[in-house]
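As C-alpha cells, the structure follows; a few thoughts come after it.
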Amino acid sequence: MSLTAEQAKAKNQELIKEVLEVYPEKTAKKRAKHLGVYEADKPDCSVKSNIKSIPGVMTIRGCAYAGSKGVVWGPIKDMVHISHGPVGCGQYSWGSRRNYYVGTTGVDSFVTMQFTSDFQEKDIVFGGDKKLEKIMDEIQGLFPLNKGITVQSECPIGLIGDDIEAVSKKKSKEFGGKTIVPVRCEGFRGVSQSLGHHIANDTIRDWVFDKKGEPRAFEGTPYDVSIIGDYNIGGDAWASRILLEEMGLRVIAQWSGDGSIAELENTPKAKLNVLHCYRSMNYISRHMEEKYGIPWVEYNFFGPGKIEASLREIASHFDDKIKEGAEKVIAKYKPLMQAVIDKYKPRLEGKRVMLFVGGLRPRHVIGAYEDLGMEVVGTGYEFGHNDDYQRTTHYVKDGTLIYDDVTGYEFEKFVEKVQPDLVGSGIKEKYVFQKMGVPFRQMHSWDYSGPYHGYDGFAIFARDMDMAINNPVWGLTKAPWKK
Amino acid sequence: MSQSAEHILDHENLFREPEYLEMFESKKTNFEDPHPAEKVAEIRDWTKGWEYREKNFARESLTVNPAKACQPLGAVFAAVGFEGTLPFVHGSQGCVAYYRSHFSRHFKEPTSCVSSSMTEDAAVFGGLNNMIDGLANAYKLYKPKMIAVSTTCMAEVIGDDLNGFIQNAKAKGSVPEDFDVPYAHTPAFVGSHVTGYDNALRGIVTHFWEGKERAPNDKINFIGGFDGYTVGNMREVKRMFGLMGVDYTLLGDNSDAWDTPTDGEFRMYDGGTTLEDAKAALNAKATLSMQEFCTEKTLGYIKERGQETVALNHPVGVAGTDRFLMEVSRLTGKAIPAELEKERGRLLDAIADSSSHLHGKKFALYGDPDLTLGLAAFLLELGVEPVHVLATNGTKDWAEKMQALFDSSPFGKGCHAYAGRDLWHMRSLLFTEPVDFLIGNTYGKYLERDTGTPLIRVGFPIFDRHHHHRFPVWGYQGGLNLLVTLLDKVFDELDKNTNVAGKTDYSFDIIR
C-alpha cells in the first residue's frame with residue numbers, strides 16, 4: 001500500500017526516532033545527523049555524510065584499500081597490482097568484484113590473481129622496501145608481458161615509514177621506464193572506500209598522465225569518448241560500450257573495467273568523458289577538464305527511461321550524425337524494452353524497494369525500478385558525499401527514508417518496520433533479510449548475474465528482480481501449522 | 001541484437017554473441033596495444049615448462065595466489081562459536097567488512113562482527129577511545145552475552161594494549177565490570193587464519209579459566225578448529241558422542257550460528273558453547289582437538305591447567321575415524337557402540353565397491369595443514385597417490401609430518417609436501433608433473449582452467465558451489481560423503497572423455 005508523502009514522512013520520522021532510542025546518547029546524537037526523510041524541493045537529502053563511522057555499530061563500509069585496489073586500479077587488466085602488506089586484504093578481495101575482462105590470465109592479464117608481499121613480522125620491524133624491490137624483480141621475471149605494476153598499500157605501510165615512491169621510481173628506471181605506481185591507500189586513511197578512490201584517481205594523474213617519456217602514437221577522431229567509472233561488473237561496461245559505438249561514437253578507453261594501461265594513457269585525447277560512477281571517478285574527470293579541456297557528462301544506463309535520456313544527453317555534445325545515431329539506437333531497442341516491460345511489469349507493479357549500496361547505485365537504479373512500476377521507499381549511501389545526496393534529489397520521491405552509512409541495527413529495524421517487497425544491498429546484508437523472509441538482491445555484484453547496464457542489461461535486471469520477489473519460497477517461510 | 005524478453009541471455013552467453021565478439025576484437029586491436037598473439041602463446045607455453053618451474057620456485061619475496069588468510073579471520077571464526085558472542089575486531093574497519101563477506105560467501109549465512117573503526121587520528125594517538133566507544137555501542141545495540149576482541153594489523157603495528165584498553169573501557173562504564181570481554185592479539189603478519197583461531201580460542205579459555213581452581217570431573221572437551229565444514233562436522237560429532245554416551249563440552253560450536261533457518265526471524269546469535277560450559281570446561285579430564293596446527297597454543301594452556309590433551313590432524317576416512325573414536329573411548333572409558341561399528345563397515349563396504357576407480361590415481365592437494373594431513377591419509381587409504389601436497393600456511397613440522405605419512409604407505413612413494421608454497425607454485429607442479437585430479441578450494445578453479453586438471457572442491461573457502469559445508473567430512477558418515485565427492489568427479493571425467501559419438505563412444509559405459 002502506497003502512503004501519501006505526508007503519511008510517509010510522519011511514519012519515517014517516527015521510525016528514525018524509535019531507532020535512535022536504543023543508542024547511547026552520544027552515539028544517538030551523531031547518528032541522528034545521518035538519518036532523514038527527503039523533503040521535496042530541498043537541495044539535498046538533509047543528512048550528513050562522509051564522516052567517520054562510529055566504533056562498534058557494525059558499519060557496512062570498507063576501507064581506502066578497497067576503494068583503490070578493489071575498485072579503481074584492480075580491474076586494469078594488463079598491470080600487476082601488488083597487495084602490499086599482510087596476506088589478508090588481497091585474499092578477501094581476490095576475484096570477488098566480478099570485473100570481467102578478456103585476456104590470458106597469468107600471461108598478459110592479471111585481474112583475478114592475488115599478488116601479495118605477504119608481510120611477516122620482520123618486514124614490519126625492518127621495513128618492506130627491500131622486499132618490494134625484490135618482488136618487482138620477480139614479477140618482471142615471471143610475468144614478462146605485464147605492462148606495469150601498482151603498489152596497493154595496506155595499513156602497515158604508512159605506519160612503518162616505508163618509501164614506496166622511491167622504490168617505484170628506482171624500479172621504473174631500471175625497467176626502462178615501465179609504469180610503476182605507488183598508491184597510498186592504507187585502510188586507515190579517510191572514513192571509507194571513498195578516499196581510496198580519490199587517492200587512486202590522483203595516482204593516475206601523477207604517475208600515468210604526468211609520466212615522462214614519449215607519448216604513444218594516437219590518431220584521434222571527432223567522435224572519441226571514454227567511459228569513466230564503469231567497472232564492468234558482470235559485463236556492465238560492455239553492455240554500455242556497445243550502445244555508444246552503435247550511435248557512432250568511438251570508445252577509446254574503459255575506466256577501469258576491462259581497461260588497459262594504453263587506454264588510460266590515451267584518455268586525454270578524448271573529446272568527451274562519459275562518467276557513470278561519479279563518486280569514484282569525478283576527481284580524474286575534473287582534472288582532465290581542467291588540464292586537457294575535456295568536458296565530462298554524467299549518464300545513467302540503468303533502465304530504458306534513463307538510458308534514453310542519457311543517450312540524448314551524450315549525443316548533444318556532438319553533431320547531427322551522432323544525434324541521429326542516438327535516435328536510431330533508441331528506436332532499435334524500443335521493441336525489446338517494451339517486451340521486457342510487458343512481461344515483468346505486471347508481476348512487479350507497485351512493489352516497494354529499499355536500497356543501501358555504494359557509489360552511484362543508491363540513486364542510479366531508481367529509474368530502472370520505476371520503469372518496472374516499482375517504487376523505491378528508502379535509500380542510502382555506504383560512502384557518499386553531500387554532492388551524491390544532492391544528485392539523489394532528482395531521483396527520490398517526497399518522503400523517502402534516507403540513511404547514510406547505515407548500521408546493521410538500523411537497517412534491520414528499518415526493513416522490519418517498512419516491510420519492503422525487496423531489499424537491494426550487499427553480501428553482508430543478503431542473508432539477514434532473507435532469514436526475515438524479505439526478498440533480496442545483491443546490488444554490488446548483481447548477485448553473480450548481470451550485466452545490469454544498457455538495454456541488454458535491463459532485460460536481465462527485470463528478470464532478476466522478478467525471480468527474487470516472486471520466488472515461491474517466500475510463501476513458505478512460516479510453517480503451516482503455526483498460522 | 002541477441003537479447004530478447006522470451007529468452008533472456010545471461011552474461012555467459014550474451015557476451016559470446018557475434019556483436020560482442022566483434023566489439024572485443026576491435027577494442028583490443030585499436031585501443032589496448034596488445035602483445036602479438038604469438039608472443040602471448042609463446043610465453044604461455046614457457047610458463048608450462050621446467051625452466052619456468054625452477055624460476056618460479058626460486059621466488060623469495062613475491063607471493064602469488066596464496067592458500068591462506070590472515071589471523072583475525074580465524075579469531076572471528078572462534079568467537080562465533082560461543083553463545084551470544086559478538087566478535088569485535090580492534091583496528092581498521094575495512095578488515096571487518098572483508099571477514100564478514102568472506103564467511104557469508106562460504107556459508108551463505110550472515111556473519112555479525114563489529115570493528116572499532118580506527119582511522120588516521122587513532123593511528124597517531126592510539127585506539128583507546130575507539131575501544132571505549134566501540135564496546136559501549138556494541139553492548140547497547142547488539143545485546144551480546146560476550147564480546148570477543150581481536151586485532152587487525154593496524155592496531156598491532158601501533159602497539160595498542162588490549163588488556164589495558166578493555167580495563168579502561170570497563171572503568172568508563174562501556175560494559176559492566178563483570179561482562180565477559182576475552183581478547184587476543186592477532187597480528188596479520190604472523191602465521192595465518194589458523195593461528196588467529198588458536199590465539200582467539202586461547203584468549204577465551206584463558207579469560208574463563210585463569211585464576212580458577214580446577215576440580216577435575218569425567219567430561220571431555222572437544223575442539224573442532226577452523227573448519228569450512230564446521231556445520232556438518234559439529235553435528236556429526238555430537239551425534240557420535242551421543243551414540244557413545246560421552247559427557248562432553250564443545251569448545252566452540254559454530255554449527256547453529258552458521259546454519260540458521262529462514263523462518264521470518266533473523267538470529268544474530270544462535271547456539272554456540274554456553275558461557276557456563278566454557279567456564280566449567282576447566283574441570284574436564286581431557287581436551288581433544290581435531291586440528292593440531294590450529295590449536296597448538298590453546299592446547300598448551302589447557303595442558304598447563306592439568307588436563308590431558310590429544311591433538312589429531314583433521315581425521316577423515318576409516319583409519320582416521322578409528323583413531324578419533326578410540327581416543328574418545330580411551331579418554332572417557334565409553335565403548336564404541338555397535339551402531340558406529342556398523343557405520344564403519346558401511347564405509348568400508350562403499351570403498352570396496354568403488355576403489356577400483358580410485359586405485360593408483362594421482363592427486364594433487366592443497367589446503368590448511370591439518371586438512372591436508374587428514375585428506376592425504378584418506379587418499380592413501382583409497383590407494384590414491386597424493387603426489388603434490390601443498391600448504392601455504394604449512395610449517396617445517398607440517399612437512400615432516402606429511403613425509404612421515406607418505407613413508408607409511410606404498411602409495412606415498414614419490415609424493416612430496418610443499419610447505420609455504422602458493423598456488424602459482426602448484427600451477428608449475430601440475431604442468432611439469434601432471435596428476436589426474438586436484439583437491440582444493442574455490443581458487444583451484446583457476447588451476448583447473450590453466451592446467452586442465454579436474455578440481456574436486458574440498459576446503460575453505462568454497463564460494464562457487466553451494467551447501468557442501470552442511471554435510472560432514474568427519475566420522476564414517478563424513479568419509480562416505482568425501483568418497484562420493486571424489487567418485488562423482490572421477491565418473492564425470494570418465495564420461496566427459498568418452499562421450500563423442502562415433503569417436504570415443506566405445507567406453508561410454510552405462511554401468512561403471
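In what follows, chains are A, B, ... by sequence order, proteins preceding strands, each numbered from 1.
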Report task. State whether B/R44 and A/D108 are salt-bridged, where the test is any N-O pair (Lys NZ or Arg NE/NH1/NH2 against Asp/Glu carboxylate O) under 4.0 Å. Result -> no

**Report entry** Straight-line distance of A/I460 CD1 to B/L9 CG, nearest 0.5 Å
**Finding:** 7.5 Å

Report summary line: Taking every heavy atom of B/W424 against every heavy atom of A/G106, the minimum-distance pair comes out as CH2-CA, 3.7 Å

Query raised in the report: Heavy atoms, side chains only, cut-off 4.5 Å: are B/F31 and A/S260 in contact?
Result: no

Requested in this report: Answer with yes or no whether the side chains of B/N137 and A/T27 bring together a donor and an acceptor at under 3.5 Å.
Outcome: yes

**Report entry** chain B contact via A/K343 - which portion, at a heavy-atom distance below 4.5 Å
**Finding:** side chain

**Report entry** Pairing of A/E138 and B/K55 as salt bridge, 4.0 angstrom limit
**Finding:** no

Query - Validation row: A/Y92, B/L73 side chains within 4.5 angstrom (heavy atoms) - result: yes

Report task. Could you check if a side-chain atom of B/V64 sits within less than 4.5 angstrom of a side-chain atom of A/F143, using non-hydrogen atoms only? Result -> yes

Query raised in the report: Going by heavy atoms in the side chains, are B/V157 and A/I124 under 4.5 Å from each other?
Result: yes

Query - Shortest non-hydrogen separation from B/R449 to A/T112 and the atoms involved - result: NH2-OG1, 4.4 Å

Report summary line: The reported gap from OG in B/S117 to CD1 in A/I54 (rounded to nearest 0.5 angstrom) is 9.0 Å

Report task. Under 4.5 Å, counting heavy-atom pairs only, tell me which of B/C95, B/A67, B/S116, B/G134 racks up the most with chain A. Result -> B/G134

Query - Contacting moiety of A/S96, where chain B heavy atoms sit under 4.5 Å - result: both

Query raised in the report: Is there side-chain contact between A/D258 and B/K27, with heavy atoms separated by less than 4.5 Å?
Result: yes

Query raised in the report: So do the side chains of A/F119 and B/C153 get within less than 4.5 Å of each other, counting heavy atoms only?
Result: no

Report task. Spell out, as yes or no, whether a donor-acceptor pair under 3.5 Å connects the side chain of A/Q91 to the backbone of B/P66. Result -> yes

Requested in this report: Ignoring hydrogens and angles, tell me if any N or O in the side chain of A/E121 forms a donor-acceptor pair with the backbone of B/F189 under 3.5 Å.
Outcome: no

Query raised in the report: Which class fits the ring pair B/Y443 and A/W94: parallel under 30°, tilted 30 to 60°, perpendicular over 60°?
Result: parallel

Query - Engaged part of A/K26 at the chain B interface, taking heavy atoms whose separation is under 4.5 Å - result: side chain

Report task. Would you mind checking which part of A/C155 comes under 4.5 Å of any heavy atom in chain B, side chain (CB onward), backbone (N, CA, C, O), both or neither? Result -> side chain

Query raised in the report: Looking only at heavy atoms, which two atoms of A/M436 and B/F266 are closest? And how far apart?
Result: CG-CB, 3.7 Å

Query - Note, A/E410 side chain near B/L141 side chain (heavy atom, < 4.5 Å) - result: no

Requested in this report: Could you tell me the separation between the CD1 atom of A/I82 and the CG atom of B/L62, rounded to the nearest 0.5 Å?
Outcome: 7.0 Å

Query - Heavy-atom side-chain proximity of B/Y142 to A/M58 below 4.5 angstrom - result: yes

**Report entry** Shortest non-hydrogen separation from B/E32 to A/D78 and the atoms involved
**Finding:** O-OD2, 4.4 Å

**Report entry** Donor-acceptor under 3.5 Å (B/H11 side chain, A/Y448 main chain)
**Finding:** yes

Query - Note: B/D263-A/K478 ion pair, threshold 4.0 Å (strictly below) - result: no

Query raised in the report: Between B/T260 and A/K435, do the side chains contain an N or O donor and an N or O acceptor separated by less than 3.5 Å?
Result: yes

